[in-house]
Amino acid sequence: MNASDFPELPEPVRRAVAAANARDTEAFLDQFTERGAVDDWGRRFEGREAVAGWSDREFIGVKVSLKVTGVTRYRDQVIVSAQVGGDGFNGPSDFAFTVDGDRIGLMRITG
């Protein structure tokens, strides 16, 4: 399944998943607020430069692919379950997104 198969997915999250799958780092980064962050199992990368460095090493830079398998809402978060592929981690994972307006404030990798 693709992100487009989940109409409840907020647009910035949908665009971020699509950008990751297209290996488009700039489009992925554009989905975050100015101080947007990634929390990868407790390692926090805040701001465009830090998120870009993380992505180059561990996400888009290792040819990540995200096959969305489910979407749930919990409080102010949208949790995207996905099968992750690529040249890095492979397997099921959950990404908890906090959306701030029309951008992502936080993407937390939780499982």
Side-chain angles (χ1 to χ4, degrees):
M1 295 182 169
N2 293 316
S4 61
D5 295 326
F6 295 90
E8 68 274 29
L9 207 54
E11 275 306 308
V13 175
R14 181 185 322 280
R15 291 188 304 257
V17 170
N21 284 332
R23 299 189 185 123
D24 185 341
T25 301
E26 290 304 310
F28 177 73
L29 296 172
D30 286 346
Q31 302 318 306
F32 287 84
T33 63
E34 184 179 324
R35 299 193 69 202
V38 169
D39 182 320
D40 186 354
W41 288 94
R43 296 178 305 135
R44 189 174 175 96
F45 305 90
E46 186 172 329
R48 188 176 184 97
E49 186 175 322
V51 173
W54 166 83
S55 179
D56 289 347
R57 290 185 307 276
E58 303 182 42
F59 201 59
I60 294 174
V62 294
K63 302 176 183 165
V64 72
S65 65
L66 302 173
K67 182 179 178 184
V68 177
T69 58
V71 174
T72 56
R73 287 190 175 268
Y74 179 73
R75 297 184 185 160
D76 65 341
Q77 295 181 338
V78 176
I79 300 159
V80 175
S81 298
Q83 183 67 31
V84 180
D87 293 339
F89 171 80
N90 283 261
S93 193
D94 292 321
F95 300 82
F97 290 90
T98 303
V99 176
D100 183 1
D102 64 348
R103 297 283 182 253
I104 296 165
L106 176 65
M107 180 180 91
R108 189 167 50 92
I109 303 171
T110 60

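Predicted model, so just to flag it, every value in this text is computed and none were measured.
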With Glu26 via salt bridge (Lys or Arg N to Asp or Glu O under 4.0 Å) - residues at least two apart: Arg48
For Arg43, give me all partners under salt bridge (Lys or Arg N to Asp or Glu O under 4.0 Å), at least two apart in sequence or on another chain. Asp40, Glu58
Going by ring pair (Phe, Tyr, Trp, His ring centres under 6.0 Å), name the pairs with one or both residues in residues 17-38, residues two or more places apart or in two chains. Phe28-Phe32, Phe28-Phe59
Show the nearest heavy-atom pair for residues Glu46 and Ala50, with the distance to one decimal. O-CB, 3.3 Å
Non-neighbouring partners of Glu8 that pass side chain to side chain contact (heavy atoms under 4.5 Å, CB included), sequence neighbours left out: Phe6, Val71
Taking only residues two or more places apart in sequence, or in another chain, which ones meet Pro10 in a side chain to side chain contact (heavy atoms under 4.5 Å, CB included)? Pro12, Val13, Arg73, Val78, Val99
Enumerate the residue pairs fulfilling side-chain hydrogen bond (donor to acceptor under 3.5 Å, both in side chains) with a member in residues 85-101, sequence neighbours excluded, ordered by first and then second residue. Ser81-Asp94
Sequence neighbours excluded, which residues qualify as salt bridge (Lys or Arg N to Asp or Glu O under 4.0 Å) partners of Arg23? none
Going by the rule side chain to side chain contact (heavy atoms under 4.5 Å, CB included), which residues pair with Arg57 if we only count those two or more places apart in sequence or in a different chain? Phe45, Trp54
Contacts of type side-chain hydrogen bond (donor to acceptor under 3.5 Å, both in side chains), residue Glu11, not counting sequence neighbours: Arg14
For residues 102-109, dump all side-chain donor-acceptor pairs below 3.5 Å to protein atoms at least two apart in sequence or in another chain.
unit_1 : atom_1 : unit_2 : atom_2 : d
Arg103 : NE     : Asp30  : O      : 3.1

Any donor-acceptor N/O pair, Asp56 side chain to Gly61 backbone, under 3.5 Å: no
Test Trp41 against Thr110 for side-chain contact (heavy atoms from CB on, under 4.5 Å), laying out the working first. CA-CA 6 Å; Trp41 288 94; Thr110 60; over 6 Å; no
Applying a strict under-4.5 Å side-chain criterion to I, L, V, M, F, W and Y, I'd like to know whether Val80 and Leu29 cluster together. yes
Give me the atom names and distance for the closest heavy-atom approach of Ala96 to Ile79. CB-CG1, 4.1 Å
All pairs passing ring pair (Phe, Tyr, Trp, His ring centres under 6.0 Å) where residues 73-92 contributes a residue, at least two apart: none
Over all atoms of both residues, closest heavy-atom pair of Ile60 and Thr25: CG2-OG1, 3.4 Å
Smallest heavy-atom separation, Asp39 atom then Gly42 atom, equals OD1-N, 2.7 Å
